[in-house]
Asks: 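Below you will find the structure I want to go over with you.
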Amino acid sequence: MTSSRRSILKGAAAAGVMAAGLPRLSWAQQAQPLMRPIPSTGEMIPGVGLGTWITFNVGEDPVLRDECAAVMESFFEAGGRVIDSSPMYGSAQAVIGHGLEKLGRPKNLFSADKVWISDGDQGRAQMNRSRRLWTVPRFSLMQVHNLLGWEAHLETLQAMKAAKEIRYVGITTSEGRRHDLFERVMATQKLDFVQVTYNPLDREVEQRILPLAKERGIGVMVNRPFRQGALTRRLERAPLPGWAAEVGAETWAQLILKFILSHPTVTVAIPATTKPHHARENMRAASDPLPDAKMRERIAAHIRDI
């Protein structure tokens, strides 16, 4: 975030533009997005969630924390449930906790976090710290971040799941890292979720990981749908093709998310944003119609050519 943007935000707060507290919303009254089942249980969750890598790492700045809370407010208002974070993400966990407090602790939150420490004996302590930062009684999903210390951590996570301290267990990777090991863990361990990078340009997971997830009954969470914003910034220089309207996409971000969600094995995509209107826009992508096979290839080819 640029210093000029920070200055603008602080100036707005000083002028009283940002309220001291955000209104409490009636979450149940909001429209519901396209829902997807978690394979291991059948529980339904929205197809679009909210990532917090970089965007929620704003430290102690009260203005920027309130801005993140406003993103969360718009996300929940649009029917969102799934928020994903990690100890690796700086202050993001505490910023989520701040937002949840301001929003009256929405009951429909699906909290996804990660254990990210090499010492397996320290995993439980780290997860407890994360839970306190989020201010939640337990996490919905706990994942081994980038397979760091995965053997010891998965043993701990399975024990925590059996004790009902968490609900779901998963592993993560990003940007195509360690896919061979990732597949071996998927094939030999009991997992509820995997988290991988997937978008119209990064399609390696279509070859083996997504088919294996389907075979094993594992939910798929998609990170870096916009390549950390690089893909949408690149596409901004080109007009959205008229045929995007055939799948109800009004923006490049929605077209990308609809491409991702049109893969039948994908459970939820987790784009990150700093803007409340982008959170609403992303949630609207979780809607019919979705691209068919022919349209998926048309989207991917068009984006590759830009």
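What's counted below: heavy atoms across the whole structure, side chains too, no hydrogens, waters or symmetry copies. Computed from a predicted structure; not experimentally measured.
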Asks: Can you see whether Arg177 engages Ser174 through a side-chain donor-acceptor pair at a distance of less than 3.5 angstrom?
Replies: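 Result is yes, a qualifying pair exists.
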Asks: Quick check, are the ring centers of Trp134 and Phe139 under 6.0 angstrom apart?
Replies: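 Yes - the distance between ring centres of Trp134 and Phe139 falls below the 6.0 Å cut-off.
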Asks: Give a yes-or-no answer on whether the side chains of Trp53 and Gln228 include a donor-acceptor pair shorter than 3.5 Å.
Replies: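 Yes, a side-chain donor-acceptor pair sits under 3.5 Å.
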Asks: So, Arg280 versus Ser74: side-chain donor-acceptor pair below 3.5 Å or not?
Replies: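 The answer is yes; a qualifying pair exists.
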Asks: Can you label the angle between the Trp252 ring and the His302 ring as parallel, tilted or perpendicular, going by 30° and 60°?
Replies: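 Trp252 vs His302 ring planes: parallel.
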Asks: If only side-chain N and O atoms count, and only distance matters, is there a donor-acceptor pair under 3.5 Å linking Thr52 with Ser85?
Replies: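 On atom types as modelled, these side chains qualify, holding a pair under 3.5 Å.
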Asks: Could you tell me whether Phe259 and Tyr198 have their ring centroids closer than 6.0 angstrom?
Replies: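 Ring centres of Tyr198 and Phe259 closer than 6.0 Å.
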Asks: Checking Asn223 against Glu175: is there a side-chain donor and acceptor pair closer than 3.5 Å?
Replies: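 Side-chain D/A pair, Glu175 to Asn223: absent.
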Asks: Compute whether any side-chain donor of one residue and acceptor of the other, for Thr172 and Gln143, lie under 3.5 angstrom apart.
Replies: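 The answer is no; no qualifying pair exists.
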Asks: Would you say His263 and Glu206 are linked by a side-chain donor-acceptor pair, where the criterion is simply a distance under 3.5 Å?
Replies: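 Their side chains do not contain a donor-acceptor pair, so the 3.5 Å distance test is not met.
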Asks: Can you tell me which residue among Ile260, Leu210, Ile209, Val205 is in a side-chain contact (heavy atoms from CB on, under 4.5 Å) with Val220?
Replies: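 Looking at Ile260, Leu210, Ile209, Val205, the match for Val220 under the side-chain contact (heavy atoms from CB on, under 4.5 Å) is Leu210.
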Asks: Within the 3.5 Å criterion, strictly below it, is a donor on Ser130 or Gln93 matched to an acceptor on the partner's side chain?
Replies: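 A pair is found: one side chain offers a donor N or O, the other an acceptor, under 3.5 Å apart.
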